[in-house]
Every structure is written in structure tokens, then in C-alpha cells.
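Shown next, in C-alpha cells, is the structure this report addresses.
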Amino acid sequence: MTEVTSFLQLVVTAMVPFILAAQGTMLAGRAGVFNVAQEGLMMLGASVGFLVSLKFGGNLVGLVVAALVGGFFGWFLGWVTTRFRLDQFVIGLALFFAATGVASLLYKVVIGVTLQPPLIPTLDDVSIPLLSSIPVLGPVLFQQSAMVYLAFVVSGLLYWLLYRTNHGLKLRSVGENPKAADSLGVNVARTRIWCSAAGAALMALAGAYLPMTYTGTYTEGMVAGRGWLAIALAFFGGWRPQYILLGSAFFAGMEVLALRVQVGGLDVPHQFISMLPYVATLLVMMFALRFARIPAFLGRNYDRESRTSH
Amino acid sequence: MTDSTDSIDSAVRAPRPLLHMDGIRKTFGPVVALDGVDLTVGRNEVHGLLGGNGAGKTTLMNVLYGLYRPDAGTVTLDGAEVVIRDPRDAIAHGIGMVHQNFLQVDTYSVTENIVLGTDLPSWPAINLRGEAERIAELSTRFGLTVDPGATVADLSVGLRQRVEILKALYRGAKVLVLDEPTTNLTPQEVDSLFGSLRAIVDEGMSVVFITHKIRETMAVCDTLTVMRDGRRVGTVARRATTPTELAGLMVGDDAMVSRVTEVVTAGMVAPVAREGAPSTYAVSDAPERVVVSGVVARNDQGVAATHDVSLSVRGGEVLGIAGVAGNGQVELAEALSGVRPMVSGAVSLDGKDLAGAPTATWLDGGVAYVPEDRHRDGILPSESIVENLVLGAQRGRRFRSGPFLDWRRARQHAEASIKAFSIKAPSASTPAAQLSGGNIQRIILARAFSHEPGFLILHNPTRGLDIPSTQFVYDRTREAAANGSAVLLISEDLDELTNLCDRILVVYSGRIVGERRRGEYDQYEIGHLMAGLEESA
Amino acid sequence: MTTTTIPVQTPPKSGTGTSPGRGPALARQVASYVVAVLMAFVVAGVVIAILGHNPLDAYRAIVTTSFKSGFGFVETMHKWVPLVLLALAFTIPLAAGKYNIGGEGQLLVGATASTAAGILLADLPLPVLLPLVLVCGVLAGAVFAWIAAWLMDRFGINEILSTVLLNFVSFGIVDYVASEVWSDPAAGHPTTIPIGDGGLLPLVGRPPMHLGVLLAVLVTAAVVVVMRRSVPGYELRAVGANARAAQVHGIRIGRVAVGSLVVGGALAGLAGAIEVAGVHGKLIEGMQSNYLLLGIIIGLIARGNALAVPFVAFGIAVLEVGSSAMQRSAGVPSEMVLIVEALILLFLLFSDVVGARLGRSSR
Amino acid sequence: GSNEPGSSTTAGPGGGAPRIAAIFSGSATDADYNALGLLALQAAEKSQGAETAHSESVPVPDAERVMKEYLADGYTVIWSHGSQYFEATSKLAKQNPDVTFIGEFDNKPKESVPNLWVLDRNFHTAFYPLGILAAAQSKSGKIGYVGGLSLPFSYSEVHAINQALKDSGSSATVTPVWTGDFNDPTKAQQITSQLVGQGNDVIIGSLNLGMVGAFQALKGKTDNVIVTAKYTDKSQFDPQHYATSAIYDFTKPLGDMLTKIKAGERNGYYPLGFDAGVSIQTPKNVDPAVAAKVEQAVADIRSGKVMVEKNLTPIK
Ligand SMILES: Nc1ncnc2c1ncn2[C@@H]1O[C@H](COP(=O)(O)OP(=O)(O)OP(=O)(O)O)[C@@H](O)[C@H]1O
Ligand SMILES: Nc1ncnc2c1ncn2[C@@H]1O[C@H](COP(=O)(O)OP(=O)(O)OP(=O)(O)O)[C@@H](O)[C@H]1O
Ligand SMILES: [Mg+2]
Ligand SMILES: [Mg+2]
């Protein structure tokens with residue numbers, strides 16, 4: 001395996017949590033729900049995904065349950081912010097706290113103190129026949145775990161959903177001008193709630209990916225700020241699935257590159273190298289991104305009978 | 001309150017009306033917006049809904065459209081009682097509504113805005129091209145031409161209006177509600193809209209047409225319902241009524257009616273002689289207070305929107321600028337008020353050059369600006385009336401004590417303004433957003449006048465205002481001129497311009513293409529200039 | 001009078017009404033806070049009981065830690081300082097509609113600059129060094145926030161994005177300074193050597209409380225006055241209420257937004273400086289704790305009302321200080337604290353809704 | 001060491017049994033450093049009849065406050081588990097002469113405090129045999145060292161490895177890399193993958209929870225690479241590539257210190273070493289000859305034949 005190939009393979013592997021969490025953020029955001037609980041939901045997804053896989057056999061079950069639990073949190077966010085119009089930011093932070101607490105608490109209750117933590121098998125690489133034998137691209141893109149394919153497929157589906165379907169047309173209108181959407185019979189509350197739920201489910205999947213790829217077990221702090229970065233990434237990608245995919249490649253690429261530089265023995269303090277991804281992101285934004293647009297109603301609650309909410 | 005017009009009601013009521021609303025009541029907290037209102041709309045008719053600001057017209061129609069839930073009352077359509085919980089129900093029952101503030105997704109194309117909310121199939125992809133053809137076909141049928149592929153943010157107000165109507169037609173509405181559709185339109189556009197309304201009625205639909213403008217109701221409506229203060233005060237057939245009677249119904253107070261005849265009759269008869277403003281005809285001798293030369297300003301997209309505009313305004317003069325919306329008026333108004341930076345050109349007030357200075361300097365120098373979009377540019381919605389009246393003067397000496405704002409003085413000023421400008425509000429600490437459009441405009445005027453402006457720029461100052469409020473604006477504008485201000489009135493309402501202005505300039509494509517003086521006004525001719533059809537020498 | 005009104009559920013007005021608190025309104029607000037805290041404790045208590053611990057012991061620990069001893073109170077005040085400053089660092093830009101999520105980075109960079117001054121000029125006497133240490137922190141925080149503000153103003157980069165990313169940058173800066181530049185090899189953690197004694201805030205009382213508390217009180221009072229009464233405060237609110245209208249009326253919205261972020265950064269930088277000069281005497285990696293999140297939460301609970309910020313911050317400080325006591329004396333897992341905090345937030349918002357409904361139906 | 005833990009005294013309850021409080025840097029469920037701490041604490045509770053309490057996930061800046069709260073609650077022995085707390089611990093010790101403190105450190109402190117026991121973790125000692133292992137095992141001559149933060153103790157570990165390479169006459173080189181976080185397995189996975197990709201065939205890990213990721217980088221791969229770990233037995237993470245671990249155990253050191261404290265010896269210096277708290281697991285997945293060399297190195301250090309230098313200077 002050439003060095004380039006292995007580098008790119010690492011990048012693609014590292015993209016997955018960014019893709020899933022940022023697409024989740026984007027999906028909810030395009031419907032106007034600004035979720036800020038990514039970091040917590042990813043931890044919850046990691047913990048639940050691991051524990052369920054361990055206790056009920058099989059990563060698939062773990063992933064499904066993690067997505068459901070995450071989805072429940074997202075549903076709650078959507079529900080209280082539409083039904084009671086509670087502040088999205090506050091609820092999001094409350095959910096961040098709650099999810100973080102529950103994640104560790106669950107592990108503590110189920111596993112407890114041990115020097116031999118139980119493990120789940122990590123995801124196997126699935127080679128796609130034919131495609132995986134393309135030079136460079138094959139091993140990079142088509143010899144990965146099922147979650148990698150899932151992340152890309154989800155991105156493609158989201159693009160299709162948002163821009164090619166009637167549901168997408170309605171969905172985006174809810175995040176742009178809910179009053180207009182409402183006046184045409186689009187169910188604003190339902191759209192928001194489900195987008196929020198589905199978005200949070202993706203975030204939980206992003207978290208569940210970590211134990212199933214990097215560790216085989218849940219470790220505290222394994223999310224390590226990637227949830228917060230997912231928010232940045234949603235802005236970076238202009239709240240569009242296609243650019244979020246590109247942005248994930250950029251973020252993951254910078255993350256892996258930063259370490260690569262150290263391995264290559266470059267004599268720069270590693271602290272500076274670790275800043276590289278963030279500084280580079282800002283530089284790219286400065287020079288390349290005049291396009292960044294955010295959903296006009298992002299983070300605001302819609303009240304049909306209020307005069308101020310449009 | 002019983003009205004003499006009730007006898008007419010039974011006369012105009014068709015045997016089985018298309019729509020009947022009965023005893024609708026709606027409150028917003030302490031405000032009773034609708035107090036048991038009835039409305040009956042017959043088949044194939046344009047039904048006018050007339051009333052002043054805050055009469056409850058919009059609220060009543062929002063109830064019909066399912067946007068508001070009534071506290072009491074029933075709706076009957078085609079003889080069957082229906083329950084309308086949300087717009088989805090309304091649409092399903094064949095009700096379409098064009099809202100006062102357009103409800104459009106700015107980033108969407110015309111087609112996307114129109115098909116939004118329907119059940120078009122998504123698999124394998126939504127077929128917008130097919131729908132665009134349908135829309136094009138509809139728009140030719142009803143004379144509502146618009147490019148289905150254009151992004152609505154790029155459309156003029158008139159075209160946006162058409163999109164709104166097309167939305168309803170596309171859904172096969174039986175009853176089409178238009179909430180003050182003409183406030184944003186030029187005379188030509190109004191005519192074309194009325195043509196379309198007739199076409200719509202001819203195809204078997206009914207139209208509810210909300211307006212303040214008696215002239216318009218007389219032009220297009222078959223039947224009229226007049227509302228005041230959340231009540232229906234009468235329903236009359238157009239043929240059996242007169243503008244004065246309608247004004248009486250709307251205003252509800254005969255003394256008042258005589259004071260607003262100017263507005264009521266604007267554009268219908270020759271301008272009434274104005275008493276009480278005799279000195280204004282001497283303006284030609286007054287000194288030129290404002291001199292504008294060679295102004296070039298760009299629009300938000302960075303394209304030059306005004307070209308080399310030069311003009312001057314004398315003290316005491318009301319100079320009008322006529323033009324179809326989107327011909328650089330916004331940019332001109334903002335450039336002349338110091339809000340938008342100019343590319344080149346000079347503006348001076350009383351000999352003091354203002355070009356290039358920050359907005360605050362213009363304000364201090366005596367330039368006051370009443371923007372066209374009062375909600376967007378005029379008020380701080382969540383802040384109180386007191387705070388709104390301080391806006392722009394916060395750095396001046398009037399409301400300051402040391403480094404701090406003197407809120408006591410600001411409140412006194414607000415209370416005085418509320419009285420002087422007859423602002424209807426529970427108190428001075430009411431947030432501006434809770435007020436009706438007319439009252440918001442009064443706040444903006446109060447603020448502008450309290451600056452004692454040397455140069456007053458008014459952009460569409462009466463758009464969407466009811467008769468008393470419009471009259472109020474007219475009176476205040478004249479008063480400012482009489483006090484020696486140079487007044488620039490940019491308006492799309494020709495009636496208004498010919499009524500108020502000593503001189504009218506016509507803009508087309510950001511250039512001044514004609515000038516007319518009082519006495520030589522001919523609306524038809526000015527309309528031609530506005531359409532860019534005639535170059536004046 | 002017909003009273004056939006159908007009891008429709010009129011939803012509450014979006015909770016942005018910031019009209020100056022009148023008596024009953026204030027009482028209702030305080031009541032809603034109390035109810036929320038009680039509800040949160042009841043629900044969390046059920047969870048604690050299910051986990052096999054005694055909720056009453058747990059809560060006794062939380063509630064009494066701050067007040068049963070002078071020591072607890074001083075610790076609470078020491079925690080209050082960064083909380084209130086970071087809450088203001090979030091609240092001030094929020095008034096102009098800008099989200100400063102970078103308080104953490106601004107605090108750290110401020111602390112780094114303070115430490116640098118305190119180490120490089122360690123020999124200066126207190127009257128010179130201490131002000132220098134504080135000013136360096138304030139300036140550094142302001143500059144760091146200005147970067148985000150500049151990116152926003154000049155390039156249109158969303159401030160949430162830039163401030164979040166700059167937080168990560170600040171971690172690298174602190175790590176570098178604390179493990180390479182002035183590393184204290186004996187610390188077993190990225191920590192700098194101590195700053196000069198002249199840079200330390202004087203302690204007063206028994207148990208000793210650093211004077212940063214007083215400083216924070218003064219700064220908070222000044223912010224409250226400026227926000228409510230001064231011209232810049234008014235312009236800030238105007239921009240937040242309607243930026244376009246503010247611009248049309250002569251307010252330079254770009255400057256106001258940038259200024260609000262810079263002032264926010266300065267306050268966060270001051271928090272960093274006080275942590276260095278008052279609490280740690282040096283730069284320690286991780287000294288930002290979870291102040292950013294708590295600051296945001298405080299700002300949001302206070303609804304952007306600068307006057308409410310110090311009080312809410314005090315409540316959160318009590319909770320934070322009490323929470324570790326809960327783990328200690330009742331054996332409740334530390335994660336429970338997070339859950340209690342989440343519940344308080346939730347119930348606070350809910351009690352608002354309920355309060356608004358009650359308020360309406362009693363009319 | 002001559003003391004058997006817990007053999008000398010078992011004071012009955014009420015007979016002045018110590019009240020021990022401990023603070024940990026992370027969750028005790030980490031199956032790593034903090035779990036070791038909690039197990040030691042629980043053992044002390046049993047053997048000493050002590051009453052114990054502990055706080056988990058105590059951030060460094062909060063350590064002083066949390067310990068003060070324990071002081072206020074009347075605990076008689078306070079143990080801060082982690083050298084990041086040492087400063088705060090020694091400061092409090094000076095302020096509270098009646099309470100006995102146990103602090104951890106990576107050196108012998110210059111001053112001695114009358115009521116402070118110092119546990120010197122001597123991490124470098126254990127990394128010498130790991131260096132021997134690497135020297136004997138590496139075919140490529142490239143050895144990767146994966147650290148978290150670039151702290152002095154990490155430097156001492158790298159120096160010890162270098163010393164071992166020199167002593168065994170190997171020309172292999174060590175590449176130290178830092179993930180910036182002892183507990184971020186994702187970064188550890190990525191960096192390990194890259195180290196392996198660069199031809200490093202021995203990976204010496206000095207991480208906490210991050211270590212799990214380092215193993216994951218190789219799991220299921222056929223590369224001829226071995227990985228060593230720290231603190232606990234981590235063989236289950238990747239039995240195929242796992243070689244050994246520098247195992248730490250705080251039960252005995254804590255027990256010893258408590259016993260002495262009970263006997264009135266309220267301060268002292270307790271160095272960890274192969275007699276006390278440290279051991280090297282018998283290497284797996286390597287030649288028996290290589291394993292023997294490691295055993296030999298341990299024996300040499302024990303006997304004093306080899307002195308592992310404690311060099312805390314930064315690596316360039
Ligand atoms: N994040 C980005 N990175 C790079 N280029 C971008 C980005 N966002 C937009 N662009 C560029 O801007 C153009 C417009 O983008 P796009 O077609 O997605 O916008 P849109 O369809 O108007 O927005 P939306 O579909 O969200 O309403 C594209 O041609 C693309 O080249
Ligand atoms: N969403 C709302 N919240 C609170 N009060 C409202 C709301 N909508 C309308 N009102 C109040 O109800 C009354 C009727 O308002 P409505 O908008 O129906 O009047 P209108 O006849 O349409 O006036 P205009 O000519 O200004 O459009 C007014 O007093 C208004 O302040
Ligand atoms: Mg698009
Ligand atoms: Mg209306």
C-alpha cells in the first residue's frame with residue numbers, strides 16, 4: 001500500500017464522524033432548528049452504541065439503538081422548541097449536559113470499575129467488488145467499513161432529499177421562512193421535530209462510530225471536541241450537504257495531516273501543528289467562502305400568531 | 001351601534017352565498033381584534049373589505065385562512081359548515097390568500113414558491129419543469145405574466161404580487177383573498193391587477209379585496225363590507241353607494257369625514273383647493289436649501305442604480321419623485337439621506353457639503369429620512385416607543401445628561417409625541433412591534449419631525465395607511481414645508497404626488513427623465529414618462 | 001356580555017420581552033426560578049434514589065456547601081468571578097445579535113498574557129506589576145476576540161464558527177506556553193512557573209478572598225450601568241433589535257458589533273487575568289474549566305439582562321461548588337451534576353411557559 | 001522494600017481508623033490510571049479499616065478547592081492521584097499541618113514537608129526494559145513512541161528508551177510523537193497508523209485511554225508490528241500485536257504509606273520501582289529470546305547493575 005493511499009484511507013476513516021454530525025446539524029438547521037448538543041449526543045451515541053452492542057450482540061443493534069436514543073433527544077429538542085417555543089440554544093445546551101451525564105452514567109452503571117474493560121468487535125472493512133480494485137481510489141473509497149459507505153450514502157440522500165424532492169422543498173422553506181411555509185399548508189412543527197430528531201440520530205451515529213472504529217470500547221472524552229467542530233463545519237459548508245462533505249474531507253485531512261507532519265519529524269512544536277486545522281479552516285473561509293449562507297430562520301422559533309416572528 | 005345601511009345588507013345578499021362567516025371573535029391578550037364579525041361573499045363577485053388601520057380586516061381573513069384560531073364563530077362554505085384549523089384546511093376548501101406582507105421564500109424561484117406545500121410526487125425527483133409550464137400557462141390566462149424560473153428575491157414588488165396570486169390560482173382557489181394588494185403597485189400595475197381580478201371572477205371564482213382606498217373599491221368591487229374597530233359596520237352594493245358614504249362608514253364620525261375629503265377624493269376629481277396653506281405658492285422665491293449634483297449610487301448587488309442625478313429643493317418646497325418601483329428610488333433616497341455611500345456626486349444642505357460623511361453627521365446636519373419599509377428600516381420592534389423615539393438622537397444633546405441617556409426626558413418626549421401625533425398605544429413603554437402600521441408610521445414621523453429637519457425625505461410615506469393616517473401625513477408634510485423645510489417626496493402613488501408636490505421629477509432606470517410643475521400635471525403623461533416611453537427635452 | 005369564549009390555547013409570546021422589571025413581574029420571575037430549581041431537584045432526586053443513593057444527603061451537600069462555612073462562601077465567590085465575567089462576555093455581544101462562543105479562548109489567551117507579564121517582569125513591585133498583569137489579560141482577550149470580529153466584519157465569517165475554532169487555537173497556545181516556554185517541570189501537568197509576587201491579587205479576610213472578587217463586582221456594576229443607561233449601550237440594543245433600522249439612523253452597526261465582541265473578549269480576558277493573579281498564580285492547562293458553557297447558560301437564563309447576570313451566576317456558582325460536595329458526601333456519581341444542571345435549565349424555561357400562562361389566565 | 005502491605009496493623013474501627021480522601025483526574029471506570037487508584041483505595045478501605053471518599057474527574061485548577069472541602073469534612077489522609085496535583089497538594093500540606101497528604105510526583109522534590117508523603121512514579125524505569133524489547137525486536141530500526149502531552153515525565157521515558165537502545169548497541173531510532181491528549185483514542189489511532197506506515201515496527205505507547213486507539217490501528221492487520229502499553233494489561237485490545245505493558249499497581253504503595261502514617265511516620269519519599277508497584281508483563285508475540293532480554297533488564301535494574309537515568313529535559 002502506498003503512502004498516499006494509506007494517508008487518504010485514514011482521512012476517509014476520520015471523515016465519518018464529521019460527516020454524520022455535521023450533516024445532522026445541517027438537516028436540523030435547514031428546518032430552522034439549531035442543535036448545539038452535538039458533543040453530548042456523540043458521547044451518548046458512543047456510550048449507548050457500545051453498551052448495546054456489547055449486551056445485545058452485534059454492532060448493528062448498537063447503531064440502531066444509538067440512533068434511536070439520539071433521535072429521541074433530537075425529537076425532544078424539536079418538540080419543546082416548537083410546542084412551547086423554548087429557546088433553542090438553552091435547550092440544546094441542557095441536552096448537551098444531560099447527554100454527557102447520561103453517557104458516562106450508563107457506562108458506570110453497566111460496566112463499573114474494572115481493569116479489563118469488555119470489548120466489542122470493531123467494524124470490518126467491506127470491499128466493494130470491482131470498485132475496490134481501482135488503483136488508489138479503490139482502497140481509499142471502496143475498502144472501508146460499512147459506516148463509511150453509510151456516511152457517504154447519507155450525504156447523497158440528503159442532497160437528493162433537500163434539492164430534488166418535494167419534501168426537501170418544504171423542509172428548506174421551513175428554515176427560510178416558516179410563515180410562508182405555514183401559509184401554504186406545510187406543517188412547520190412536524191417538519192422541525194422530525195428534522196431535529198433525524199439530525200440528532202445522525203449525531204449519535206457519529207458518536208457510535210468512534211467505539212466501533214477506533215476503540216472497541218467507550219472511553220470518556222473520546223469525542224474530544226469533534227461535536228463542537230461539527231457546528232463549525234456546518235457553517236463552513238454553508239449548510240449544504242455537498243459542501244459539508246467537502247468540508248469534512250478538509251477537516252479530517254487537516255487532522256490527519258497535522259499528525260503526519262509530526263511523524264515525518266518536522267521540527268515544529270507539536271502544539272502549533274495541532275492548531276493547524278483550525279487556522280487553516282479560518283484561512284480557507286477568508287479567501288474562498290463568500291458564499292456562506294445560513295438558513296434565514298436558523299435558531300429561531302416560529303409562532304404563527306406572533307407579529308414579530310417573521 | 002346600529003347603522004342605517006343594514007337595510008341594504010339584505011338587498012345584496014345572494015340566495016346561497018359562496019362564503020359566510022358568522023360571529024367571528026378573536027382576541028390577542030387584552031386586544032379584541034374581532035368582535036362578532038359577519039361576512040357574506042356571493043358567487044362571482046369581487047367583494048371589497050374596507051376599513052381603517054386596525055379595523056380587523058387582516059385578522060378576519062387570517063381566521064378564514066386558518067392562520068388564526070377564532071375564539072368564537074363559524075365559517076360556512078357552499079352551504080356547509082367547515083372547520084379550518086390551519087392553512088392546509090383552508091387550501092383544501094379552496095381558499096387562497098395573498099397576504100399583506102408577502103409570504104415568500106426569497107431564495108426560491110417563482111415555481112418553487114408556487115408549488116411549495118403541494119403534494120407533488122418526489123420520486124425519482126420533483127418535476128419542477130412540468131409545473132413551470134403549468135404556471136406559465138396560468139399566468140398568461142389571467143394576465144399575470146412572470147418568469148417561472150426567476151428567483152423571487154430579484155423580482156419587483158409588482159411581480160411578487162403576481163406570484164402570490166398565482167399561488168392561489170395554482171391551487172384552484174374558489175375564494176381568493178387579497179390583502180391590500182395595491183399598496184405596492186403603480187397605476188399601470190393596479191389596472192392590470194384589476195383586469196386579472198375580473199378574469200378570475202369570470203372564471204367562476206370570488207375575490208375578497210381588502211383596501212383602504214375608496215377609489216379602488218369603486219373601480220373594481222361589486223359589493224363592499226366596511227369594518228371599523230373589529231366590527232362590521234355595513235355591507236353595501238357598489239352601485240348603491242357613494243365615496244362619501246363609504247368614508248362616513250369607515251371613519252364613523254362626520255366631523256372627521258370632512259377633514260379627510262382630500263384623501264377620499266384623491267385622483268377622482270380635480271385637486272380640491274387647499275385652504276390654510278396659502279404661503280406655499282411663493283416657494284419659487286425661496287432660497288435653494290438642498291443642492292444635489294451628479295449622484296451615482298450602487299444597489300446591494302453593486303450595480304449602479306442611479307445615474308448622475310441632480311436636483312435642488314427650495315425651502316418650503318415639496319419636490320416629488322415619481323417612478324415605477326425599482327427604478328433607483330431606494331438607492332436615491334438612501335444616498336440623499338446619507339445611509340448609502342455614494343459612488344460620486346455631492347449633496348449639500350444650506351451650503352454645507354455632506355457627501356462622504358457618516359450617516360450620523362447627516363442626521364445632525366438636519367436631514368431626516370422616512371424610509372419606505374417602516375418595519376424593516378424604521379423601528380426597533382422589540383423596543384418601546386420611548387426608545388424608538390430616541391433612535392438617531394441618542395448622541396445629540398436632547399436626551400443626554402453627561403455620558404448617559406436621560407430616560408426621564410425621553411419618556412416625557414414620548415408622551416408628548418404620542419399626544420401630538422395621536423399615536424394609539426397602551427403606553428409609552430409598549431413595544432413598537434405591537435402597534436399597527438399607521439401608528440408605527442406616526443412614530444417614525446414624530447421622530448423625523450423632532451429633528452426639526454432642514455431636508456425631509458419621505459419615501460412612500462402613506463403606503464398601507466388608512467384614510468385618517470394618510471391625511472395626517474399629508475398635513476404634517478405641508479406643515480414641514482410651511483416651516484421652511486425642503487421636502488423630497490418619493491412616491492409611487494401619483495395621486496399623492498399631484499396632490500402634495502410643487503414640482504414633480506420622474507425617474508426611470510435611475511435617471512431623471514422629466515419634470516412637471518404644479519398646474520401642468522397630467523397623470524397620463526407622467527405615467528408615460530414613468531414607463532420610459534417618452535424622453536422629455 | 002356574552003362569555004362564550006372557547007378556552008383556546010394561546011401560545012406565549014416569544015420570551016424576549018425585556019421591559020424593565022416592575023414589582024409583580026420581578027416577583028413572578030424569581031418565583032419561576034425557584035419553582036424550576038425545585039422541580040429539577042425532585043426529578044434528579046428520583047434518579048439518584050434509583051441509583052441507590054440518598055437524594056436528601058446529596059442536596060444537603062449542594063445547598064449547604066457554599067453557606068455553612070466561610071470557606072465554602074469564599075470558594076463560591078471565587079467561582080463566581082469567572083462565571084459572571086464570561087456570562088457578560090457572552091451577553092454583551094448577544095445584545096447586538098452576535099454569539100460569542102469564544103469566551104474560553106479569550107480567557108485562556110488573557111491568562112497567557114497575564115502570566116507572561118507576571119513572569120517576565122516578576123521583580124516589579126505590586127503597584128506596578130498587578131495592574132500590568134490585569135491590563136495584559138484584558139488586552140489579550142480583547143485582541144483575540146477582535147480577530148473573530150475582524151473576520152466577521154471584513155470577510156463575513158460567521159462569528160460562531162470563528163470563535164469556536166479560535167478556542168481550539170487557544171488550547172494550543174496554552175499548551176505551548178505551559179509546556180515549552182515557561183514550563184514548570186515539577187508540575188506533572190502543563191503549567192508555567194509562578195508569576196512574580198507583585199502580580200498576585202491581595203487577599204483579604206479569613207478565609208482569604210482575593211480582591212478580584214471586588215474588581216468583578218465593580219466591573220459588573222459598570223457593565224450594567226453602561227448597558228442600560230449609556231449611549232453605547234443603547235446603540236448596542238438598537239443594533240440587536242433591528243440592525244437595518246439602527247444603520248439608517250446613523251448607528252455604525254459594523255463598529256457596534258465588532259465593539260461588542262471586543263468588549264466581551266476584554267471581559268473574558270479579565271477573567272483569565274484574575275484566575276492567574278487571584279487563584280492560581282500561574283498558567284495551568286485546563287484552567288478554563290467549563291466556564292464558557294456555564295457563562296453561556298447564565299447569559300441565556302438571564303435573558304440578556306445584564307442586571308440579572310450576577311445573580312444567576314451566583315446561583316450557578318453555588319451549584320457548581322455544591323456539586324462536588326454531593327459526590328463526596330453522598331457518593332452520588334459526578335455525572336449526576338450535569339444532569340441536575342440540565343434539568344434546572346429545562347425546568348427554568350418550562351416554568352416560564354407555565355408562568356406566562358398563569359399570568360394570562362389570571363387577567 | 002521489606003514491609004508487607006497491611007500485615008502490621010489492623011486497627012479496629014473507632015480506634016483512630018484513618019479517613020482517607022482521594023482525588024482522581026478522570027472517571028474511575030477508565031480501566032486505567034484512575035481505576036488503579038480506586039482499586040488501591042478500596043483495598044486500603046478493607047485492609048486498614050479506613051473510611052474512604054473520592055472525587056473523580058477533578059480538573060487541575062479545581063484540585064485545591066476539592067481537597068480543601070475534604071479538609072473541611074475532617075479527612076485525615078488526603079491522596080491526590082496524579083502528579084498534576086502535586087503543587088496544590090504540597091501547598092495545602094503546608095497550610096494544614098494536622099492532616100497527612102500523599103502526593104504523586106515524577107522526581108524527588110527539593111523540599112520536604114513534614115506531613116507530605118511523596119510517591120515518585122519513576123515512569124522512566126519501566127521504559128528502559130521496553131527500550132530493550134524494542135531494540136531486540138525492531139527489524140526496521142524504527143521505533144515509535146506515542147505520548148499525549150509533552151510533559152517532563154514523557155521526556156524521561158524517551159530518554160530511557162534511548163539509553164536502552166544505546167546499552168543494547170542498537171542503531172534503531174525513536175520517533176516521539178504527541179497526540180496532545182492522553183485520552184483521545186482517535187488521534188492515537190491515526191498517529192499509530194501513520195507511524196506504522198512510516199515503517200516503525202515497535203510502538204511504545206505512553207497514553208491512558210488513548211492507548212485503545214493505538215491498538216485499534218493495527219487490529220486485524222497482518223503487519224509485523226508490536227505495541228506496548230502502560231498502566232494496565234491491555235492485551236485484550238489486540239492480542240495479535242500486543243507485546244507487553246508497564247503495569248502499575250498502587251495498592252501496595254498506598255498500603256505501605258498508610259501503614260507508616262499510622263505508625264506516626266507522616267512524611268517520606270516513596271519511589272515506585274520494580275519492587276514496589278511496577279512490573280513488566282512477560283512479553284507476548286515476541287521471540288522467547290527477546291522476552292528473556294527484557295526479564296534480564298528488569299533483573300539488572302532491580303539489582304542495581306543498570307541505573308536508568310532520570311532525564312527530564314525536553315526532546316528536540
Ligand atoms: N461552501 C461553498 N464552497 C464553495 N463554493 C460554494 C459554497 N457554497 C456555494 N458555493 C458556490 O455558490 C454557488 C451557489 O450555490 P448553490 O447552488 O448551492 O446555492 P443555492 O442553490 O442558491 O442555495 P440553496 O440551494 O441553499 O438555496 C455554487 O455554484 C457554488 O459554486
Ligand atoms: N398577531 C397579533 N398579535 C397581537 N395583536 C394583533 C395581532 N394581529 C392583529 N392584532 C391587533 O388586532 C387589531 C386588528 O388588526 P388587523 O391587522 O386585523 O387590522 P387591519 O384592519 O388589517 O389593519 P391594517 O389596515 O393596518 O392592515 C389591531 O388592533 C392589531 O393591533
Ligand atoms: Mg441549490
Ligand atoms: Mg391588515
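Numbered from 1 within each chain, the chains take letters A, B, ... in sequence-line order. Quick caveat: nothing in here was measured; it's all calculated off a predicted structure.
- Note that the CZ atom of R237(C) and the CG atom of L391(B) stand 11.5 Å from one another [nearest 0.5 Å].
- Remark: side-chain polar atoms of N242(C) are paired, donor with acceptor, to backbone N or O of I379(B) under 3.5 angstrom.
- S382(B) and A241(C) get closest at one heavy-atom pair: OG-CB, 3.7 Å.
- Between H249(C) atom NE2 and D377(B) atom CG the span is 8.5 Å, to the nearest 0.5 Å.
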Check the pair Q394(B), V231(C) against side chain to side chain contact (heavy atoms under 4.5 Å, CB included), reporting the backbone distance first and the verdict last.
CA-CA 6 Å; Q394(B) 71 275 7; V231(C) 175; 3.8 Å; yes

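- When heavy atoms are compared at a cutoff of 4.5 Å, R447(B) approaches chain C solely by way of its side chain, counted from C-beta outward.
- Of all the listed residues (V339(B), L405(B), L363(B)), the one sharing the greatest number of non-hydrogen pairs under 4.5 Å with chain C is L405(B).
- Pairing each heavy atom of L380(B) with each of A238(C), the nearest pair is CD2-O, 3.5 Å.
- Interface residue P403(B): only backbone heavy atoms are found under 4.5 Å from chain C.
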Check the pair T359(B) / V248(C) against side chain to side chain contact (heavy atoms under 4.5 Å, CB included), numbers first and verdict last.
CA-CA 7 Å; T359(B) 313; V248(C) 165; over 6 Å; no

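- No donor-acceptor distance shorter than 3.5 angstrom exists from the side chain of Y234(C) to the backbone of F404(B), with no hydrogens or angles considered.
- Interface remark: R400(B) contributes side-chain atoms only to the contact with chain C (heavy atom separation under 4.5 Å).
- A 6.0 Å sphere centred on CG of D229(B) holds no more than 12 heavy atoms belonging to other residues, nucleotides or ligands.
- The backbone N or O of R228(C) lies less than 3.5 Å from a partner atom in the side chain of W407(B), making a donor-acceptor pair.
- We find that R244(C) and E334(B) are joined by a salt bridge, their nearest charged nitrogen and carboxylate oxygen being less than 4.0 Å apart.
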